[in-house]
Amino acid sequence: RGPFVCRRCGVDCETAERALFQARRDPGCHAGMAPGPDNPELRWSVEEIKMTPSRHDSVPDRDERVERFSACNYARNLIRAIFNNDKQQEDNCIRVQILACNYLQLFYMYHSLRREDAKMVAVAATFLACKVIDLPRKMRGILRAVNQMRVQTGEPELGEEEQSKLCERVLCTERLLLRIIRFEFDLALPLDALAGLTEALLVQLTRSKVFIAQCKGTPQQEALALRPELLRVAERFVLDSFMGFAPLLAEPRVVAAGALAIATRYIRRELATAEMCKLLHAADCSLEEAEVKHVVDEILSVFRTKSQA
């Protein structure tokens with residue numbers, strides 16, 4: 001197996017180090033997608049997204065999107081099971097889901113879906129995300145939730161030996177994830193920008209001729225009444241965005257803007273996407289219309305992927 005393979009579980013635990021070393025030597029190599037001095041924000045271009053390790057393993061774009069989506073969906077369901085759908089923990093549960101999906105997406109930016117089991121990576125991402133949100137779960141509790149989900153889908157529960165192997169692989173994968181994020185736990189998330197951006201957008205809506213034309217009351221009253229539902233729906237679209245590539249392509253604030261654009265259109269059909277991009281740029285001049293539009297397209301592609309999963 002060679003010196004780079006973990007003796008406990010057979011996982012190549014030094015892949016991240018080797019990929020980073022190779023990236024510094026040869027930026028043209030697909031290992032160049034590994035995090036490093038040239039990519040401190042852990043974001044990639046559209047061209048780089050087309051050159052993931054899975055693509056190098058001949059996984060088509062559609063299949064990669066579907067498999068990433070399915071793995072994120074598995075992680076989200078696992079987290080709900082861990083938190084027992086506790087309404088009091090709903091906000092924390094959502095943040096854990098976002099982080100877990102983010103870690104999973106980052107992992108597959110330089111590991112192939114053909115080489116690492118996606119459900120195992122989802123368990124590792126969940127295990128780490130719970131710790132980062134300061135709601136750590138013991139491994140036996142996570143394994144219990146895994147078995148619970150297996151029973152629900154008609155699969156047999158994992159035996160003691162299988163659980164032991166899964167535990168070891170999860171710990172090795174968590175180690176790789178920590179290297180990917182460089183032990184940086186204060187990652188900016190779109191949720192953090194959502195409230196302030198919503199307030200700025202509502203101000204711009206009251207000045208929009210399209211919005212004003214459809215108002216039954218004053219624009220200010222309708223914008224104020226829109227706020228709670230807009231925040232709720234936008235939060236859901238932010239969560240959905242992490243099941244696709246949007247957070248890998250754009251800054252968190254741009255992802256929040258894209259989610260807001262879709263949420264506003266979902267509630268107020270009269271507002272076209274182009275109009276929403278203009279309003280968001282007026283609300284925050286750092287938001288480029290083309291970039292927001294691209295994020296909107298990426299988030300909507302998640303729903304196309306869902307229909308194929």
Side-chain angles (χ1 to χ4, degrees), residues 41 43 72 76 87-99 101-102 133 186-304 306:
E41 301 300 324
R43 277 189 287 278
C72 287
R76 289 177 63 176
K87 290 293 182 182
Q88 293 182 338
Q89 292 280 4
E90 187 172 3
D91 288 344
N92 287 326
C93 183
I94 288 173
R95 295 187 79 86
V96 173
Q97 289 180 55
I98 286 175
L99 272 181
C101 290
N102 189 39
I133 298 296
D186 294 326
L187 296 176
L189 295 176
L191 283 181
D192 301 325
L194 205 53
L197 199 52
T198 299
E199 297 296 341
L201 174 61
L202 290 174
V203 171
Q204 294 304 318
L205 280 176
T206 63
R207 302 169 183 171
S208 167
K209 293 180 180 179
V210 178
F211 181 79
I212 293 171
Q214 297 296 320
C215 288
K216 296 178 181 178
T218 67
Q220 290 76 14
Q221 287 174 333
E222 294 218 7
L224 186 62
L226 182 63
R227 184 182 181 279
E229 186 180 6
L230 183 57
L231 274 170
R232 181 183 62 80
V233 176
E235 185 179 85
R236 299 304 174 187
F237 282 121
V238 166
L239 179 52
D240 290 334
S241 75
F242 280 86
M243 301 181 78
F245 289 129
L248 301 175
L249 292 164
E251 295 179 3
R253 193 169 183 80
V254 182
V255 175
L260 266 175
I262 299 172
T264 308
R265 284 214 65 206
Y266 180 83
I267 300 168
R268 301 292 296 245
R269 303 283 179 170
E270 71 269 17
L271 294 161
T273 300
E275 174 72 6
M276 288 306 309
C277 291
K278 289 179 181 178
L279 291 174
L280 284 160
H281 177 69
D284 182 343
C285 62
S286 71
L287 297 171
E288 297 294 335
E289 292 179 37
E291 195 172 7
V292 174
K293 175 62 167 60
H294 185 60
V295 167
V296 167
D297 291 341
E298 279 295 332
I299 295 175
L300 292 177
S301 74
V302 170
F303 296 95
R304 290 191 289 272
K306 183 178 181 180

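Partners of R236 by side chain to side chain donor-acceptor pair (under 3.5 Å), not counting sequence neighbours, listed by chain and number: E90. Qualifying salt bridge (charged side-chain N to carboxylate O under 4.0 Å, His left out) partners for R268, counting only residues two or more places apart in sequence or in other chains: E222, E270. Not a single side chain to side chain donor-acceptor pair (under 3.5 Å) links Q220 to another residue, sequence neighbours left out. For R76, the side chain to side chain donor-acceptor pair (under 3.5 Å) partners two or more places apart in sequence, or in a different chain, are Q97, D240. E235 is linked by a salt bridge (charged side-chain N to carboxylate O under 4.0 Å, His left out) to nothing, counting only residues two or more places apart in sequence or in another chain. Every residue was checked against the side chain to side chain donor-acceptor pair (under 3.5 Å) condition with E288, not counting sequence neighbours, and none meets it.
Between D297 and S301 the shortest side-chain heavy-atom distance does not fall below 4.5 Å. Side-chain atoms of L249 and V295, non-hydrogen and from C-beta on, never get closer than 4.5 Å to each other. Contact of the L189 side chain with the P252 side chain is not registered, since no non-hydrogen atoms from C-beta on lie closer than 4.5 Å.
Distance CG/L287 to CG/L280: 6.5 Å, rounded to 0.5 Å. From E229, atom CD reaches atom CD1 of I267 across 4.0 Å, with rounding to the nearest 0.5 Å. In this structure, the separation between CZ on F237 and CZ on F303 is 5.0 Å, given to the nearest 0.5 Å. Interatomic distance, L279 CG to L201 CG, rounded to the nearest 0.5 Å: 6.5 Å. Rounding to the nearest 0.5 Å places CZ of R227 at 7.5 Å from CG of L202. Separating the CD atom in E199 from the CG atom in L230 is a distance of 9.5 Å, to the nearest 0.5 Å.
Using a 3.5 Å distance cut-off with no hydrogens or angles, the side chains of S208 and E275 do pair a donor with an acceptor.
Across every non-hydrogen atom of I299 and S241, the tightest pair is CG1-CB, 3.7 Å. Summarising the geometry of C101 relative to F242, their closest heavy-atom pair is CB-O, 3.6 Å, with the distance given to 0.1 Å. Nearest heavy-atom pair across A263 and V233 is CB-CG1, 3.7 Å. Across all their heavy atoms, A234 and A259 have their closest contact at O-CB, 3.7 Å. Annotation for P247 and V255: closest pair CA-CG2, 4.0 Å, computed over non-hydrogen atoms. Taking every heavy atom of both residues into account, P219 and C215 meet most closely at CA-SG, 3.9 Å.
E41 and R43 are joined by a salt bridge, as a carboxylate oxygen and a charged side-chain nitrogen come within less than 4.0 angstrom of each other. Salt bridge status for D192 with R95: present, with a side-chain N to carboxylate O gap under 4.0 Å.
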Note to self: Does L224 form a side chain to side chain contact (heavy atoms under 4.5 Å, CB included) with Q221? I'd like the steps, not just the answer.
What the structure shows: CA-CA 5 Å; L224 186 62; Q221 287 174 333; 5.8 Å; no

Next item on the list: Apply side chain to side chain contact (heavy atoms under 4.5 Å, CB included) to L226 and L205, showing your working.
Entry: CA-CA 10 Å; L226 182 63; L205 280 176; 3.8 Å; yes

Next item on the list: Could you go through the side chain to side chain contact (heavy atoms under 4.5 Å, CB included) check for I94 and L191 one step at a time?
Entry: CA-CA 10 Å; I94 288 173; L191 283 181; 4.2 Å; yes

Check: Between I212 and T206, is a side chain to side chain contact (heavy atoms under 4.5 Å, CB included) present by the stated rule, with each step listed?
Finding: CA-CA 7 Å; I212 293 171; T206 63; over 6 Å; no

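In this structure, R269 forms a cation-pi arrangement with Y266, its terminal cationic atom sitting closer than 6.0 Å to the ring centre and no more than 45° off the ring axis.
A donor-acceptor pair is defined here as one N or O able to donate and one able to accept, closer than 3.5 Å; no such pair exists between the side chain of H281 and the backbone of E289.
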